[in-house]
Amino acid sequence: MELRAYIVRRLLLLIPVLFGISLLIFGITMLFSPIERASLYVSDPKQLRDLASIIQTYGLDQPFWSQYGTWLGQVFQGNLGWSKVVSMPVWNAIWNFLPATLELAIFAAPVIIFSGIFLGTKAAAQKDKPLDHATRVGAIIGWSLPNFWLGLILLMVFYGALSGLLPPGRLSIGMDAVVNSAEFARYTHINTLDAILNWRWDVFLDALRHLILPVITLSVTNVAFIMRLMRSSMLESLGKGYVLTARAKGLDEKTVVNKHARRNALIPVITISGYLFAALAGGAVITETIFNYKGIGWWAWQSASRLDIPSVLGFALFSAVLFVLVNLIVDILYTRVDPRVRLGGGIQ
Amino acid sequence: MEDLVRIRDLSVRFYTYEGVVQAIEHMDLDIRKGETLGIVGETGSGKTMTAMAILRLIPYPGKIESGSIIFTESGLRGEVDLLALSEDRMRSLRGNKMSMVFQEPSAALNPVFTIGDQISEVYLLHRRHELGYRAMQQVEGLLADGKGNPLAGLRRPFWRWQRRLYCKIAQESHPLEPRIVARIPFFNRLLWRLRDEAELLTVNILRDVEIPDPARVAKEYPHELSGGMKQRAVIAMALACSPKLLIADEPTTSLDVTIQAQILELFRRIKVEKGASVLYITHNLGVAAEICDRVAVMYAGRLCEVAGVEEIFSNPLHPYTRALLDAIPKPGKEPQPIPGTLADQFSPPPGCHFHPRCPNAMPICNQEVPELKEVSKDHLVACHLF
């Protein structure tokens, strides 16, 4: 199937998916009574007397379908509502917080994916040898460490005990001023990239310094997952006939493992890596909150904890779109890795 | 006739959790130059392990316990003991002087590389000097032709550099500069002529195994070919460097009968044209009769009988060989299945492993292991009857 036709077909599939997700999430918010939802708009206790009129104005007592229809009509006009916690429209909030999260994902995902693939390959090639056992123990520890606990410990050591070596946040206060000044052009709002484009290495290093701890926190837990998957996939691949053929050709062990076995073993890992990237780019909620790293995840946590319904709805829709798009990219990548896969055709 | 491979006292054991398996016990076997030797036996009798031992590719947890495998190389090097060689030397023999064709062609080919890539790999590995020399000549031709051509002047430095790289590849065994260049993206394109030369050889060898339209097939992936074509491609891969010894492990078992006949015909032709010795592993006596010069019969890790193909069919001596021949369905005669089952691999019966199923068993059979004796010229039997 032609690539363009395939992409269009997959994007059309996005419509029912988004419809279902919006219905689900909107339905959950309807579990709150109209009074509860009306009181969320109230900031001054004196206004509590006006709840009835708020319910009237916003139609909160209307039947589900009518409220859902109104909301959907607004969404189609590009109006996702008002995010109370950051005092800006939800749409703007997404665009405002996305670069920070993307920056974190761009730094964390390659670390996780490549080290996972590397360690998994090594562990499989040296099955039941000390390295394999070491990675297994490491994986169990990494996988079972809670994110928030590890994040806090890292902050205590590298920020507390080592007197502010690796601070939380996105930028130091001085650098924040530089970034927000007029002569610093913000092309992408991804600090490290903008710093390079502006040729400001001090900003770049400062941004990098703030990224180290969140990246480590995300890596320790997620590397284990990719690594174990890669190991089992690799072991399966190493038992296949083509590996024996490759050895019988006279190839050295390195080529056999890294070329013949790994290329086949990568196929399931690509799927999971895609989801991992989508999950990271959709906001690493706990990690961003722990490190006060103001990205989508931080915003989602703030909104959820303060019952900011429009923000939560917007966040959910954004995550859904992201997952579907990443899934599409992964499927296209498949055809590059495995010649047997045809777009829209399945495996031969 | 001279021997190509001389296996002496070879023992292979597998150390599994359930116990130790004697896959091969004290085997003595010769493969002569230019002959097709068939190894016949039931599943689990150690046929494939014999082949794997020659290539030194016994899978974990198997181990070659003792013995020697003398391989006679051409040239001045003479005889080498494969079991005493370093892994590096062994690798330079695998796929080069000795190669293997596997039972299941769709499993033996890597699904993510083209047929051409997989065969070229053999040339790039074992024929590097030759490819480097050919590529160098190509570049020299370009340099000579380009004289006086102003357009060629721009590309001249690249050609010079290419010539130097190819010259190093052709002469040195581990050239540093080409290896570094090959690892740098973009710069590694300088070595494309090497790949090109390998591709030419690949198309030639594919044509040799009677694949129609070899240039197209070389660009295809394994799943795009039929079973017979895949097996031909695997055979081409094994033949790429004109090996002295070609090991075929049941190469026709997974194929249709018509394709089977074609592949057997191909093996026969290869043996005559390339002068290679073929070690043909099969459980099918009919196939062995069709293609082999000599046949070795194996039972539970030991050789029972080794003889010329006509001799073994007209005058089988070992009771197991006779039983095998009686088990073949023939017109007008009921096939006689061999009573009992294959010996337990963890604790085989003492003495001759076949004695519990043997119609001629004697008291000595469960006490002493019979030696492989030459009863008549080129006819060896391991049985107390002789």
Side-chain angles (χ1 to χ4, degrees), chain A residues 114 117 121 123-132 230-231 233-271 332-343 345-348, chain B residues 48 51-52 54-61 87-115 117-128 219-224 230 233-234 237-238 240-241 243 246-247 249 254:
Chain A
F114 288 119
I117 289 174
T121 309
Q126 304 189 24
K127 184 175 178 268
D128 294 333
K129 300 241 171 69
L131 187 93
D132 186 27
M230 186 66 197
R231 179 182 176 272
S233 175
M234 196 65 192
L235 281 181
E236 189 198 328
S237 190
L238 280 172
K240 289 277 174 66
Y242 51 77
V243 169
L244 189 60
T245 311
R247 290 203 177 111
K249 269 181 196 174
L251 292 173
D252 57 315
E253 200 55 27
K254 214 167 112 192
T255 315
V256 171
V257 170
N258 291 350
K259 184 179 171 189
H260 284 268
R262 183 151 69 188
R263 180 80 185 270
N264 286 280
L266 275 179
I267 293 164
V269 175
I270 287 175
T271 318
I332 293 169
L333 262 182
Y334 264 172
T335 60
R336 297 272 163 267
V337 178
D338 190 344
R340 288 167 298 178
V341 177
R342 293 252 183 286
L343 289 178
I347 203 154
Q348 284 186 6
Chain B
T48 304
M52 292 302 202
I54 296 175
L55 285 173
R56 259 176 58 187
L57 286 175
I58 299 277
Y60 180 83
E87 185 56 31
D88 273 353
R89 274 282 283 142
M90 197 61 214
R91 267 206 303 271
S92 71
L93 291 179
R94 273 183 218 136
N96 187 12
K97 296 278 186 255
M98 51 176 79
S99 56
M100 188 152 174
V101 176
F102 297 92
Q103 181 173 354
E104 190 66 60
S106 19
L109 291 167
N110 196 328
V112 300
F113 296 108
T114 61
I115 300 288
D117 277 347
Q118 297 187 50
I119 300 177
S120 299
E121 205 175 20
V122 184
Y123 287 117
L124 287 167
L125 189 69
H126 296 299
R127 292 280 179 273
R128 227 177 157 72
K219 288 190 176 59
E220 285 186 356
Y221 288 95
H223 70 272
E224 295 170 297
K230 269 186 256 190
V234 173
M237 201 191 299
C241 291
L246 178 64
I247 301 170
D249 185 2
S254 63

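Here the structure is a predicted model, which is why all the values come from computation and not from measurement. Quick note on labels: first sequence line is chain A, next is B, and so on, each numbered from 1.
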Who among A:Asp252, A:Leu251, A:Val243 has the most heavy-atom pairs with chain B under 4.5 Å? A:Leu251
Distance-minimising heavy-atom pair for [X] and [Y]:
X	Y	answer
B:Leu55	A:Ala248	CD1-CB, 4.4 Å
B:His126	A:Gly250	NE2-CA, 4.2 Å
A:Pro339	B:His223	O-CE1, 3.6 Å

Just jot down the salt bridge (Lys or Arg N to Asp or Glu O under 4.0 Å) partners of B:Asp88, sequence neighbours excluded, or say none. B:Arg91
Quick one: salt bridge (Lys or Arg N to Asp or Glu O under 4.0 Å) partners of B:Asp117, sequence neighbours excluded? none
Looking at B:Glu121, B:Met90, B:Met100, which one has more heavy-atom pairs under 4.5 Å with chain A than the rest? B:Glu121
Greatest number of non-hydrogen atom pairs under 4.5 angstrom with chain A, of B:Val122, B:Ile247, B:Leu109, falls to B:Leu109
Looking at side-chain heavy atoms only, is the closest gap between B:Asn110 and A:Asn264 below 4.5 Å? yes
Interchain contact, [X] with chain A, by part (heavy-atom threshold 4.5 Å):
X	result
B:Met52	side chain
B:Leu125	side chain
B:Gln118	both

Side chain to side chain contact (heavy atoms under 4.5 Å, CB included) for B:Glu87 and A:Glu253? Distances and angles first, verdict last. CA-CA 10 Å; B:Glu87 185 56 31; A:Glu253 200 55 27; over 6 Å; no
Report yes or no: is the cationic atom of A:Lys127 (NZ for Lys, CZ for Arg) under 6.0 Å from the centre of the six-membered ring of B:Tyr60, at an angle within 45° of the ring normal? no
Cut-off 4.5 Å, heavy atoms of chain B, and the answer for A:Val337 is backbone
